[in-house]
Amino acid sequence: DNTAKTKTTDDIISIGEFKFSTKVSFEEQVNDALDGKLNRRNALFVSETPELLQKIGMKQLPMLYTQKHLRDAMKPKSDKNSHHHGLTKEQILKMADIIKNPAIIMDSMSQENSVVVVSDVLDDDKAPIIMSIVANGTGIYELKNVKSNFISSYYGKDNGFESFIERALETDNILYLSKEKSQSLYQQTGLQLPGGFNKLGYDKIIHQSNNIVNTHTNKLTYTFLIEDFKWVSFDDSVFFIEFQELRSVITRETKCHLS
């Protein structure tokens, strides 16, 4: 069963042990984060996990996005920093709708515990905005461990989008195709709709995520939403570490020694 119990009162929604106020919208959280009004370690609550993502294997968990990812995503694109994506606030605010109404859902071909959502929204350089989600992980929200589906990146796919999708088709990594949204995407970009889309079919779950299944059956996966240190994801043997200062913390908490 992929669905945690969701309880709703007049202004509070509970997903498992996680509670959030419906009075505080994602836009308000974004504004407060950009104005420096939020605790720096607080992740942003984007939305609940929609039914479509649950059908490909995600659990009904809060979908979180860190403030550092937000600020980096809005900084001008730079060849010197791949985390700067030049997105506008308006494009950021479309995140929740993109999660609910994607053009394409696919297994990540670079992160084995992640799923990629492709939208028909373009950035200012006419690049399709895509989102990578670490599925069914554990994050830190308000200094507490919470289970979450964590948005680890959100950006315009500048280079090689056409070959990116073709490779996903060839490797059977496409999980879902929206006919309306995918056609809109390819019309806006001026690219030819892949013939392989018709063979897979539209508006249905093509198959569940192998990445999520493999993560659950073979690995113990953690995701730390630590605002000061971007994000860290690791399993029994593979560590993605960006800052030296995290090593002692993770070693102490997990009893794993990082080389």
Side-chain angles (χ1 to χ4, degrees), residues 30 33-34 40-44 46 63-96 98-99 102-135 137 139-140 148-168 171 173 185 188-189 191 211 215 221-235 238-247 249-250 258-259:
V30 168
L34 295 176
R40 292 181 65 225
R41 297 180 187 275
N42 241 25
L44 307 179
V46 181
M63 303 198 70
L64 304 181
Y65 187 61
T66 71
Q67 293 184 60
K68 182 161 183 63
H69 279 96
L70 167 67
R71 288 192 291 270
D72 280 351
M74 294 181 67
K75 290 178 181 177
K77 292 181 182 180
S78 169
D79 293 336
K80 297 180 179 179
N81 194 320
S82 62
H83 298 291
H84 296 174
H85 303 310
L87 297 179
T88 65
K89 187 171 78 170
E90 288 70 25
Q91 289 161 348
I92 293 287
L93 294 178
K94 292 182 179 180
M95 189 180 290
I98 287 170
I99 292 169
I104 304 168
I105 305 174
M106 55 189 278
D107 270 339
S108 171
M109 294 176 285
S110 60
Q111 297 287 345
E112 61 182 10
N113 60 349
S114 296
V115 168
V116 174
V117 169
V118 180
S119 77
D120 67 339
V121 178
L122 308 185
D123 71 7
D124 289 350
D125 294 322
K126 306 302 181 185
I129 293 178
I130 72 172
M131 174 191 306
S132 182
I133 305 169
V134 179
I140 295 176
S148 69
N149 291 317
F150 170 48
I151 300 166
S152 58
S153 61
Y154 182 75
Y155 63 98
K157 178 70 174 172
D158 286 301
N159 300 316
F161 177 77
E162 193 170 15
S163 60
F164 174 68
I165 297 299
E166 289 289 353
R167 187 157 61 95
T171 54
N173 279 303
L185 167 62
Q188 290 182 80
T189 56
L191 300 173
N211 283 1
T215 296
T221 302
Y222 299 83
T223 302
F224 282 73
L225 308 188
I226 301 180
E227 176 62 22
D228 293 356
F229 305 107
K230 297 189 179 178
W231 71 281
V232 181
S233 179
F234 63 93
D235 58 32
V238 181
F239 299 83
F240 300 92
I241 302 299
E242 187 157 0
F243 288 85
Q244 185 75 23
E245 292 89 338
L246 278 176
R247 294 173 185 267
V249 175
I250 295 175
L258 305 187
S259 59

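The structure presented is a predicted model; accordingly, all values stated were derived computationally and were not measured.
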Verify side-chain contact (heavy atoms from CB on, under 4.5 Å) between Asn211 and Asn113, making sure each step is shown before the conclusion.
CA-CA 5 Å; Asn211 283 1; Asn113 60 349; over 6 Å; no

Hey, mind stepping through Val116 and Asp107 against side-chain contact (heavy atoms from CB on, under 4.5 Å) and telling me if it holds?
CA-CA 6 Å; Val116 174; Asp107 270 339; over 6 Å; no

side-chain contact (heavy atoms from CB on, under 4.5 Å) between Ile151 and Leu64: does it pass, once the steps are laid out?
CA-CA 6 Å; Ile151 300 166; Leu64 304 181; over 6 Å; no

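Without hydrogens or angle criteria, Gln188 side chain to Asp120 main chain gives a donor-acceptor distance under 3.5 Å. Under the 3.5 Å distance criterion, the side-chain polar atoms of Asp125 are left unmatched by any main-chain donor or acceptor of Ala127. When atom types are taken as modelled, the side chain of Gln111 and the backbone of Ser108 share no donor-acceptor pair closer than 3.5 angstrom. Distance alone, capped at 3.5 Å, places no donor-acceptor pair between the Asp72 side chain and the His83 backbone. Between the side chain of Ser119 and the backbone N or O of Ile129, at least one donor-acceptor pair lies under 3.5 Å.
The aromatic ring centres of His69 and Phe150 sit less than 6.0 Å apart.
Considering CG of Leu122 and NZ of Lys157, their distance stands at 15.0 Å, rounded to 0.5 Å. Of the inter-residue distances, the one linking Leu191 atom CG with Glu162 atom CD reads 4.5 Å to the nearest 0.5 angstrom. Atom CG of Asp124 sits about 9.5 Å away from atom CD of Glu90, to the nearest 0.5 Å. In this structure, OH in Tyr65 is found 8.0 Å from OG in Ser153, a value given to the nearest 0.5 Å. We find the CG-NZ distance between Leu70 and Lys68 to be 11.0 Å, quoted to the nearest 0.5 Å. The line from CD1 of Ile99 to CG of Asn149 is 9.0 Å long, rounded to the nearest 0.5 Å.
A pairwise comparison of heavy atoms in Met106 and Met109 identifies CE-CE, 3.5 Å as the closest pair. Between Leu87 and Gly156, the shortest heavy-atom contact is CD2-N, 4.5 Å.
Using a cut-off of 4.0 Å between Lys/Arg side-chain N and Asp/Glu carboxylate O, Lys77 and Asp158 are scored as salt-bridged.
Between His85 and Asp123 there is no side-chain heavy-atom pair separated by less than 4.5 Å. Between Lys89 and Val30 the shortest side-chain heavy-atom distance falls below 4.5 Å. Counting heavy atoms from C-beta outward, Phe164 and Asn159 have side chains that stay 4.5 Å or more apart. Contact check for Ile92 versus Met74: side-chain heavy atoms found under the 4.5 Å cut-off.
In this view, Lys94 and Ile98, Val121, Tyr154 satisfy the side-chain contact (heavy atoms from CB on, under 4.5 Å) rule, not counting sequence neighbours.
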